[in-house]
Amino acid sequence: MSNYDKVMKLALERGFYFPSCEIYPDAPAGFWEYGPTGTNMKNKFIELWRRELVRRDGMMEIDGCQIMSKSVFVASGHISNFTDPVVKCTKCGSTFRIDRYIEEKTGQRVPERMADSDIDALIQKHNLKCPNCKGDFGKVGRFNMMFGVGIGPAAEEAYLRPETCQTIFVDFSRVFKTMRGRLPLGIAQVGKSFRNEIAPRQSLLRLREFYQAEIEVFCNPNRLDEVPKFDEVKSTILRLYRDGDSGITEVTAQDAISKGLVPNKLVAYYLALLTEFYEKTGIDIKRSRFRKLSDEEKAFYASVAFDFEVETSIGWLELVACNYRSDYDLKGHATTSKQNLEVVDPADQSKVLPHIFELSMGIDRSIYTILEHSYYEEKVKEETRAVLRLKPYLAPVLVGILPLMTKDGLGEKARKIHSELKLDFDTFYDESGSIGRRYRRLEEVGVPFAVTVDQTTMQDDTVTVRYRDTMQQDRLKVTDLRRFLNNALRI
RNA sequence: GCGACGGUCGUCCAGUUUGGUCUAGGACAUCAGAUUGCCAAUCUGGUAACCCGGGUUCAAAUCCCGGCCGUCGCACCA
């Protein structure tokens, strides 16, 4: 059984995540729900992101709408760039990106704006047939990855956002003005995005509705090397890679700049912050890299792009896209909306249309990767124990409270301890089955501590605290539990 | 979207080849009771499934058709 399968099984059995609408036969692919355990962990992941990126860097967080007007996507380029010309074989039904197919077969470039009728004519002229079955192609159609929605009785055209950043761009002007913004300014957002993937696959890894945590750093393009905070991270190790490299290059953020591997201090600063954040999630940073994208791979808006990737049992997985988007977005929105989106940089009183560097994080993929990198199996007395070694601050439950047995008042005592802690910590009370079984159940969902009430507790008001990873136990006064748990939550 | 293969309790699997003894079985998990009392113990009992729709047939988990979902490959992935 692969690690992917093990995590998948754990997710289904223990309430991390599962398919949406699963009791109905018409449940569409690419939609997944977080169960109680997964939701708790996801919330904690987001809170860590807030701490390590948003608060650390003094960013502002907003929460925007998921449905946005058509104009937004005219301005963003999604209406034109996101709409691919496709053609369907009339015989076998296979669908092809016809612009690419024509280029491949004839060497003739098909401009993005070419009319469908002109593309049809090209197919005729070159007598192109389906490569699979030699059947005839039908008429050119258009496929857009955005979900359209109709608003109001007239069903006015609008779209579910395909990336959360668009709300940040359209909100930028007001936020900057009213919140007394200064460049560089990071605006952050956690929320859902929607893409009509042709072939969603592998549970949380390719979804049609998914969570993003995005950060858009608005900056003055003339001051990309003026980053006072850079000193905090100058010796942080960045792991850089480009396709074709023999291995990953480990350099400090400082050296990455002096060697020209990263274009400027601003980009290096955020790559370093991101590295430090992911180290704290418990992902094995030795199995991560920033892959520099080639020109062909970059998104239509990006001028420099690094993907933060992590090695998993199913290969390298992109968790974060780090794109230098230049002024592509604000220019587009300024032109389409006819609003002036320039701001004054107080450093030199110049008026600039800010450039944007973004960290676009996939939350669902991150959650999956943390689960996979945290999952361990080890032999204990001929039995295999499965342990999720989640950091205490990411664990869905921090502490399990267990009476060794229910009689002699141990049950009541344990319930009392539980009710004293449950409002301030994520706790779980369990008195069913043998103590060993209860420990195993806890460690399988990553609970780092178990507090056990035994006979001694009744005499001196102490309990045992058992550690998930080592299975060692300490004895602690009940009155010290709060302090112990608060300490354990320290990041 | 195309192709190949698949879909049975929460999970994994048996049953489908050759339609009927399937009133669908087991293991693990889970629940209740008993017992034990610090690492998945034992005993007893319970909950719980044939993906959906149609067809063939006296009879369908089993055969046929369609749909949905999954895995893999191709294509796609701003």
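Quick note on labels: first sequence line is chain A, next is B, and so on, each numbered from 1.
Within residues 440-453 of chain A, the residues that have a heavy atom under 4.0 Å from RNA chain B are, in order of number, A/Arg440, A/Arg441, A/Thr452. Within residues 458-473 of chain A, the residues having any heavy atom closer than 4.0 Å to RNA chain B are, in order of number, A/Thr464, A/Arg466, A/Met471, A/Gln473.
A/Pro19 comes within 4.0 angstrom of no nucleic acid atom, judged by non-hydrogen atoms across all strands.
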What are the atom names and distances for every N/O pair under 3.5 Å that joins the protein to nucleotides 6-8 of chain B?
none

What nitrogen or oxygen pairs link the protein and nucleotides 49-55 of chain B at under 3.5 Å?
none

Under 3.5 Å, side-chain donor or acceptor atoms of residues 9-32 of chain A against the rest of the protein: list the pairs with distances, not counting sequence neighbours.
{"residue": "A/Arg14", "atom": "NE", "partner": "A/Glu444", "partner atom": "OE1", "Å": "3.0"}
{"residue": "A/Arg14", "atom": "NH2", "partner": "A/Glu444", "partner atom": "OE1", "Å": "2.9"}
{"residue": "A/Ser20", "atom": "OG", "partner": "A/Glu33", "partner atom": "OE2", "Å": "3.2"}

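Shown here are the ring-ring contact (aromatic ring centres under 6.0 Å, His included) partners of A/His418, two or more places apart in sequence or in another chain: A/Tyr429. Residues passing the side-chain hydrogen bond (donor to acceptor under 3.5 Å, both in side chains) test with A/Asp426 are A/Lys44, sequence neighbours excluded. Every residue meeting the side-chain contact (heavy atoms from CB on, under 4.5 Å) condition with A/Ala158, not counting sequence neighbours, appears here in chain and number order: A/Ile67, A/Val149, A/Ile151. Scanning for salt bridge (charged side-chain N to carboxylate O under 4.0 Å, His left out) contacts around A/Arg482 gives A/Asp424, with sequence neighbours left out. A search for salt bridge (charged side-chain N to carboxylate O under 4.0 Å, His left out) contacts involving A/Asp430 returns A/Arg441, not counting sequence neighbours. Legend: residues meeting side-chain hydrogen bond (donor to acceptor under 3.5 Å, both in side chains) with A/Arg206, ordered by chain and number and at least two apart, are absent.
You'll find that the side chain of A/Arg201 is closest to B/C74, out of B/C74, B/C31, B/A29. For A/Leu404, the side-chain atoms get nearest to B/G37 when compared with the rest of B/A29, B/C76, B/G37.
Across B/G10 and B/C2, the matching C1' atoms stand 34 Å from one another, rounded to whole Å. For B/A29 and B/G46, the C1' atoms lie 14 Å apart once the distance is rounded to whole Å. One C1' atom belongs to B/C50, the other to B/C63, and the distance between them is 16 Å to the nearest Å. B/G45 and B/G6 have their P atoms separated by 38 Å, given to the nearest Å. Taking atom C1' on both B/C31 and B/G67, the two are 37 Å apart, rounded to the nearest angstrom. Rounded to whole Å, the separation between the C1' atoms of B/C68 and B/G25 comes to 28 Å.
Under the side chain to side chain contact (heavy atoms under 4.5 Å, CB included) test applied with A/Leu402, the options A/Asp454, A/Leu442, A/Leu410 reduce to a single match, A/Leu442.
Side-chain N/O atoms of A/Thr384 and A/Glu377 include no donor and acceptor closer than 3.5 Å.
A ring-centre distance under 6.0 Å is found for A/Tyr4 and A/Tyr368.
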Taking Watson-Crick and G-U wobble contacts under 3.5 angstrom, with | marking pairs to another strand and [ ] crossing pairs, the secondary structure of RNA chain B is written (((((((..((((......[....)))).(((((.......)))))....(((((..]....))))))))))))....
